[in-house]
Amino acid sequence: MTVNDQGRFQAIISHAKEYGFVFPSSEIYDGLSAVYDYGPWGSELKKNIRESWWNAMTRMHDNIVGIDAAIFMHPTTWKASGHVDNFSDPMIDNKDSKKRYRVDHLIEGAAEELSKLDKHREAEDLLRQMDEFLAANDFVGLKNLIDQYGIKCAVSGTCNWTEVRQFNLMFSTQLGSVAEDANEIYLRPETAQGIFVNFLNVQKTARMKIPFGIAQVGKAFRNEIVARQFIFRMREFEQMEMQYFIRPGSQKEWYAYWKEERMKWHTALGIPADRYRFHDHVKLAHYADAAVDIEYAFPIGWKEVEGIHSRTDFDLKNHQHFSGKKLQYFDPEINQSYVPYVIETSIGLDRMFLLVLCHAYQEEKWAKEDGSEDSRVVLKIPPAIAPIKLAVLPLLKKEGLPEIAREIMASCRNEFYCFYEEKDTIGKRYRRMDALGTPFCVTVDHQTKEDRTVTIRYRDTMKQERIPMDGLAAFIRSKF
Ligand code: ATP
């Protein structure tokens with residue numbers, strides 16, 4: 001599998017639509033840019049990833065609890081968090097095509113083109129200079145870099161650029177019924193602030209002692225300018241974030257702990273470690289004293305899927321300042337009150353979903369015994385998060401076989417998601433289940449009537465074996 005394989009990426013997007021995973025939003029009206037809907041199997045897969053994360057955080061850690069905060073928050077929240085003033089990206093417009101680009105994406109695109117021409121050193125040099133200018137907020141330097149490398153607009157093909165400017169990424173709307181009285185509020189651009197403003201509520205009511213964490217999953221909204229690459233960058237998306245409150249001075253230790261802990265979660269899902277890497281930030285966000293991305297080798301290149309940030313006491317201190325309320329913790333072990341420091345882990349659920357699809361999607365070909373070629377498209381989704389765990393397939397629609405298949409459905413559907421299918425040949429049904437990523441199929445045939453055994457067929461190896469139908473649910477469970 002190569003990194004940077006547009007053909008493969010397009011095939012995954014088509015597969016996701018054809019098999020009911022992801023649809024463009026309001027498609028009958030030609031869709032809405034960078035907004036997507038999840039179909040029957042997509043919503044199931046997304047739920048399973050969400051649950052895996054939630055359980056890893058809350059169930060597996062005695063000192064992490066969850067919340068579910070509202071999307072709307074008091075507008076001062078975003079002043080305190082720095083989003084009103086800082087949540088913007090340097091952008092540049094092409095005067096001929098009127099197309100707007102995020103400067104880092106424009107330059108990264110140019111570096112990729114250089115790499116394709118085997119000019120690797122030049123590409124690295126370009127990216128290094130970009131990182132330096134971004135870190136220094138040097139917009140003139142960035143503009144000069146674009147001019148110096150002759151970077152062109154993909155639409156107009158010209159280098160006729162405006163100056164580099166900042167654009168805020170938050171969506172705003174009005175709260176209140178009468179326009180004149182209405183307050184401008186924002187759709188949250190991250191879920192983290194819902195955790196910060198509830199820090200004391202949670203600490204007190206759940207009787208938490210530092211160190212402790214608060215986890216949350218929910219929608220976030222960003223008016224991304226360069227919104228392409230399918231669900232990789234959306235305008236409405238879901239985040240899974242956890243803020244870990246710690247004693248000031250212990251941030252290095254906890255930062256290292258969470259880096260390792262999060263990587264363990266990724267690999268425990270069954271995704272190979274060599275598809276992941278850490279990427280340290282050169283340009284730190286306004287709130288961070290250290291930050292690292294967990295990157296995955298997507299078919300469109302190495303890209304961020306999760307961020308781990310050492311956020312210091314930036315957020316709580318600012319909320320304390322803007323709200324006038326104390327947000328401190330009394331630490332009985334050292335007999336001191338302080339504003340806790342925070343390590344954050346932040347992962348995009350949709351991006352993780354895309355990662356799973358990219359890992360799972362395989363086109364396989366092999367020679368049959370008669371010498372002809374056979375092929376299939378299979379989603380090798382880790383069984384624990386597969387949308388359908390078990391397909392129950394009666395060989396025929398008659399002769400008592402559907403009744404036995406229904407009996408199997410009844411004994412398993414309480415345990416995990418099962419799917420009943422009696423249409424088409426068994427071969428076609430297997431192929432369809434491969435395409436949906438169903439790890440196990442059982443076929444009910446005439447022998448089942450005699451000895452209550454079924455044929456189980458394994459998705460990844462396509463191997464089949466005969467097993468008793470009684471105790472099937474426990475057997476399947478033991479496999480994930
Ligand atoms: P990027 O550099 O890709 O814009 P970011 O560094 O701004 O991401 P964070 O603010 O750290 O991202 O958000 C944490 C996570 O949320 C990211 O790692 C990513 O998985 C997810 N995420 C952020 N923006 C989007 C988006 N527009 N669409 C989908 N997921 C997103």
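Counting starts at 1 for both ligands and their atoms, in listed order. Computed from heavy atoms alone, side chains included, the values below leave out hydrogens, waters and symmetry copies.
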Within the 4.0 Å heavy-atom shell around [X], which atoms of ligand 1 are there?
{"X": "E306", "value": "18 (O)"}
{"X": "E224", "value": "24 (N), 26 (C), 27 (N)"}
{"X": "R102", "value": "4 (O)"}

Report task. For R376, check salt bridge (charged side-chain N to carboxylate O under 4.0 Å, His left out) against everything at least two apart and list the hits. Result -> E364, D434
Requested in this report: Could you check which of M234, E238, E304, Q239 puts a non-hydrogen atom nearest to atom 16 (O) of ligand 1?
Outcome: Q239
Query raised in the report: Taking C-beta and beyond as the side chain, do V84 and M170 meet within less than 4.5 Å on heavy atoms?
Result: yes
Got the closest protein heavy atom to [atom], with its distance?
{"atom": "atom 14 (C) of ligand 1", "value": "S346 OG, 2.9 Å"}
{"atom": "atom 29 (C) of ligand 1", "value": "F232 O, 3.4 Å"}
{"atom": "atom 22 (N) of ligand 1", "value": "F237 CE1, 3.5 Å"}
{"atom": "atom 11 (O) of ligand 1", "value": "H309 CE1, 3.5 Å"}
{"atom": "atom 1 (P) of ligand 1", "value": "R233 NH1, 3.6 Å"}

Query raised in the report: Do E344 and Q243 meet the criterion of a side-chain donor-acceptor pair at a distance under 3.5 Å?
Result: yes
Tell me whether [X] has any N or O atom under 3.5 angstrom from an N or O of ligand 1.
{"X": "R222", "value": "yes"}
{"X": "D350", "value": "no"}
{"X": "G348", "value": "yes"}

Taking the basic N atoms (NZ, or NE/NH1/NH2) and the acidic carboxylate oxygens, is any pair closer than 4.0 Å for [X] and [Y]?
{"X": "E333", "Y": "K209", "result": "no"}
{"X": "E190", "Y": "R311", "result": "yes"}
{"X": "R233", "Y": "E224", "result": "yes"}
{"X": "R128", "Y": "D125", "result": "yes"}

Is ligand 1 less than 4.0 angstrom away from at least one heavy atom of [X]?
{"X": "R235", "result": "no"}
{"X": "V305", "result": "yes"}
{"X": "E344", "result": "no"}

Query - Charged tip of K259 within 45° of F278 ring normal and under 6.0 Å - result: yes
Report task. Test the R100-F167 pair against the cation-pi criterion, namely NZ or CZ under 6.0 angstrom from the six-membered ring centroid and within 45° of the ring axis. Result -> yes
Report task. Kindly assign one of parallel, tilted or perpendicular to the pair F245 and F199, based on the angle between their ring planes and the thresholds 30° and 60°. Result -> tilted
